[in-house]
2 protein chains.
Amino acid sequence: MRMTEVSTKFEISQDTLRYYERIGLIPPVNRNKSGIRDYTEEDLRWVEFIKCMRNAGLPIEVLIEYVGLFQKGDETLEARKELLIEQRTQLLIRMEDMKKVFERLDYKIERYEQTIRKKEKSLTRSEN
Amino acid sequence: MRMTEVSTKFEISQDTLRYYERIGLIPPVNRNKSGIRDYTEEDLRWVEFIKCMRNAGLPIEVLIEYVGLFQKGDETLEARKELLIEQRTQLLIRMEDMKKVFERLDYKIERYEQTIRKKEKSLTRSEN
DNA sequence: ACTTGACTTGGAGTTAACTCCAAGTGCGAT
DNA sequence: ATCGCACTTGGAGTTAACTCCAAGTCAAGT
């Protein structure tokens with residue numbers, strides 16, 4: 001599969017795809033005889049995985065490390081697992097923070113609604 | 001309250017506090033006769049609010065708008081409410097994305113554990 | 001009176017993560 | 001064969017959000 005197609009499929013710009021590959025965020029992609037990228041099924045899985053993880057806010061640096069470990073083979077299984085556990089923990093912490101903020105926003109919105117209702121009522125009265 | 005104290009209290013660098021004020025992310029802070037910032041209780045509430053919202057990933061741009069609306073007074077109550085509702089929605093979307101990624105990480109970690117256990121077993125066998 | 005240190009300002013520098021650009025190559029269609 | 005287009009590379013530019021710096025001010029302590 002060519003860049004254009006991959007780019008549309010995952011909604012990642014071609015520049016970003018090349019950038020990701022350049023910095024090692026996805027493993028080197030296969031090329032045809034004239035040097036043009038031809039994404040295999042596995043390449044696509046990497047792209048999808050990286051997109052998904054980035055979307056959840058995992059730092060590029062960490063993902064580069066993961067890809068690097070992966071390419072070193074089976075000796076790094078344990079290290080990769082530990083890396084993922086750490087990221088899962090971080091993610092959970094962020095989700096908990098966000099939940100608190102969500103509730104706070106909820107409360108603030110509620111209070112705005114009350115205030116606005118009161119304002120409206122007092123306006124109506126003054127019109128009479 | 002002085003910068004140093006505010007900075008330690010909220011774990012925000014003095015530079016960042018000044019930066020936030022400069023770009024309008026917190027309303028202008030009171031000064032004493034020699035121009036030094038003296039944070040009132042209300043200033044502190046703003047700092048805390050902004051820290052909390054930034055921590056959950058609300059963009060600075062949006063928060064600047066909120067602060068701006070706030071300073072315009074009661075005519076902007078509705079606009080402020082709408083702004084908060086929009087941010088709450090965005091936050092919810094991000095939380096849902098993160099939850100999916102969390103589950104995916106969980107699954108991957110599980111599979112790593114299985115793989116590692118198998119590896120260990122086959123190693124033990126080959127030692128016999 | 002002088003030093004110290006916490007503050008002030010405007011502006012430059014940094015980092016992460018893209019995003020854009022210029023110059024070049026190769027392949028398929030007219 | 002030559003046009004157009006999708007691709008290539010190396011490197012520069014951009015944006016958000018800080019972070020740092022230099023030069024200056026002011027109040028308090030010795």
Side-chain angles (χ1 to χ4, degrees), chain A residues 1-40 43-44 46-47 49-68 87 90-91 94 97 101, chain B residues 1-40 43-44 46-47 49-68 87 90-91 94 97 101:
Chain A
M1 195 185 280
R2 296 288 191 82
M3 282 226 89
T4 324
E5 212 178 335
V6 180
S7 173
T8 7
K9 190 177 166 72
F10 295 109
E11 298 187 286
I12 301 177
S13 80
Q14 303 192 18
D15 269 315
T16 302
L17 283 169
R18 276 189 286 262
Y19 166 69
Y20 279 179
E21 190 179 343
R22 189 163 62 213
I23 64 172
L25 187 47
I26 50 177
V29 173
N30 277 37
R31 311 303 183 94
N32 65 19
K33 56 279 169 215
S34 49
I36 285 168
R37 285 173 185 81
D38 185 10
Y39 289 78
T40 64
D43 292 331
L44 295 185
W46 273 110
V47 172
F49 174 69
I50 291 299
K51 188 195 169 167
C52 175
M53 293 301 135
R54 286 291 301 132
N55 191 34
L58 274 73
I60 280 194
E61 209 183 18
V62 172
L63 294 169
I64 289 174
E65 199 189 333
Y66 183 76
V67 173
Q87 292 311 307
Q90 293 304 321
L91 192 53
R94 270 182 289 139
D97 284 358
V101 174
Chain B
M1 196 184 281
R2 295 290 190 81
M3 282 227 88
T4 324
E5 212 177 336
V6 180
S7 172
T8 9
K9 188 176 167 75
F10 295 107
E11 296 186 291
I12 300 177
S13 81
Q14 303 192 17
D15 270 315
T16 301
L17 283 170
R18 276 188 287 261
Y19 166 69
Y20 280 179
E21 191 178 341
R22 190 163 61 214
I23 63 174
L25 187 47
I26 50 177
V29 172
N30 276 39
R31 311 304 183 92
N32 64 19
K33 57 279 169 212
S34 48
I36 286 168
R37 285 172 184 81
D38 185 12
Y39 290 78
T40 63
D43 293 331
L44 294 186
W46 272 111
V47 172
F49 174 69
I50 291 299
K51 189 196 168 167
C52 176
M53 294 300 136
R54 286 291 302 131
N55 191 35
L58 274 74
I60 281 193
E61 208 182 18
V62 172
L63 294 170
I64 290 175
E65 199 190 334
Y66 182 77
V67 174
Q87 292 311 307
Q90 294 304 321
L91 192 53
R94 271 183 287 142
D97 283 358
V101 174

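Every chain is numbered from 1 and lettered A, B, ... according to where its sequence line falls, protein lines coming before strand lines.
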Enquirer: For A/R37 and for B/L58, locate the closest nucleotide of DNA chain D by heavy-atom distance; then report the residue assigned to the nucleotide nearer the 5' terminus.
Expert: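 Upstream on the strand: A/R37.
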Enquirer: Where do B/F49 and B/Y66 land on the ring pair (Phe, Tyr, Trp, His ring centres under 6.0 Å) test, with the steps shown first?
Expert: CA-CA 11 Å; B/F49 174 69; B/Y66 182 77; 5.7 Å; yes
Enquirer: With a 4.0 Å cutoff (strictly under), does any side-chain N or O of B/Y20 reach OP1 or OP2 of D/dC18?
Expert: yes
Enquirer: Between D/dC18, D/dT8, D/dA12, which one does the side chain of A/M3 approach most closely?
Expert: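 Closest nucleotide among those given: D/dT8.
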Enquirer: Rounded off to whole Å, could you give me the CD1-to-C1' distance for the B/I64 and D/dA16 pair?
Expert: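 In whole Å, D/dA16 C1' lies 11 Å from B/I64 CD1.
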Enquirer: To check you understand the geometry: which heavy-atom pair defines the closest contact between A/I23 and A/I64, and what is its length?
Expert: O-CD1, 3.4 Å
Enquirer: Backbone N or O of A/R31 within a donor-acceptor pair of the A/D38 side chain at under 3.5 Å?
Expert: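 Such a contact is absent between A/D38 side chain and A/R31 backbone.
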Enquirer: Please report the distance, rounded to the nearest Å, between CD in B/E11 and P in D/dC18.
Expert: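 In whole Å, D/dC18 P lies 15 Å from B/E11 CD.
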Enquirer: OP1 or OP2 of C/dT8 less than 4.0 angstrom from a side-chain nitrogen or oxygen of B/R18, does that happen here?
Expert: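 True: B/R18 side-chain N/O within range (under 4.0 Å) of C/dT8 OP1/OP2.
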Enquirer: Whether A/T16 contacts C/dT19 is assessed here as follows: a side-chain N or O lying under 4.0 Å from the phosphate OP1 or OP2. Is that the case?
Expert: yes
Enquirer: For B/R54 and B/L63, indicate whether the former's side chain and the latter's backbone hold a donor-acceptor pair under 3.5 Å.
Expert: no
Enquirer: Record whether the side chain of A/D15 comes under 3.5 Å of the base of C/dC18 through a donor-acceptor pair of N or O atoms.
Expert: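 Counting by modelled atom types and ignoring angles, no donor-acceptor contact under 3.5 Å is found here.
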Enquirer: What does A/R31 touch in the nucleic acid at a heavy-atom separation under 4.0 angstrom: a base, only the sugar-phosphate, or nothing?
Expert: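 Since only primed, P, OP1 and OP2 atoms lie under 4.0 Å of A/R31, the category is sugar-phosphate.
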Enquirer: What is the distance, rounded to the nearest whole Å, between atom OH of A/Y19 and atom P of D/dT8?
Expert: 18 Å
Enquirer: Compare the minimum distances between each of D/dA12, D/dA17, C/dA12 and the side chain of A/R22, then state the nucleotide with the smallest one.
Expert: D/dA12
Enquirer: Would a distance-only check, ignoring hydrogens and angles, find a side-chain to backbone donor-acceptor pair under 3.5 Å from B/D43 to B/T40?
Expert: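 Indeed, once roles are kept as given, a pair shorter than 3.5 Å links the two residues.
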Enquirer: Taking atom P of C/dT19 as reference, at what distance in whole Å does atom CG of A/L25 sit?
Expert: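 The answer, rounded to whole Å, is 14 Å.
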Enquirer: Let me know the distance between CG of B/N32 and C1' of D/dA28, rounded to the nearest Å.
Expert: 14 Å
Enquirer: C/dC18 C1' sits how many Å from A/L17 CG, rounded?
Expert: 12 Å
Enquirer: Could you tell me how far apart A/R2 (CZ) and D/dC5 (C1') are, to the nearest whole angstrom?
Expert: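 That distance rounds to 11 Å.
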Enquirer: Tell me: CD of A/E21 to P of D/dT8, nearest whole Å?
Expert: 8 Å
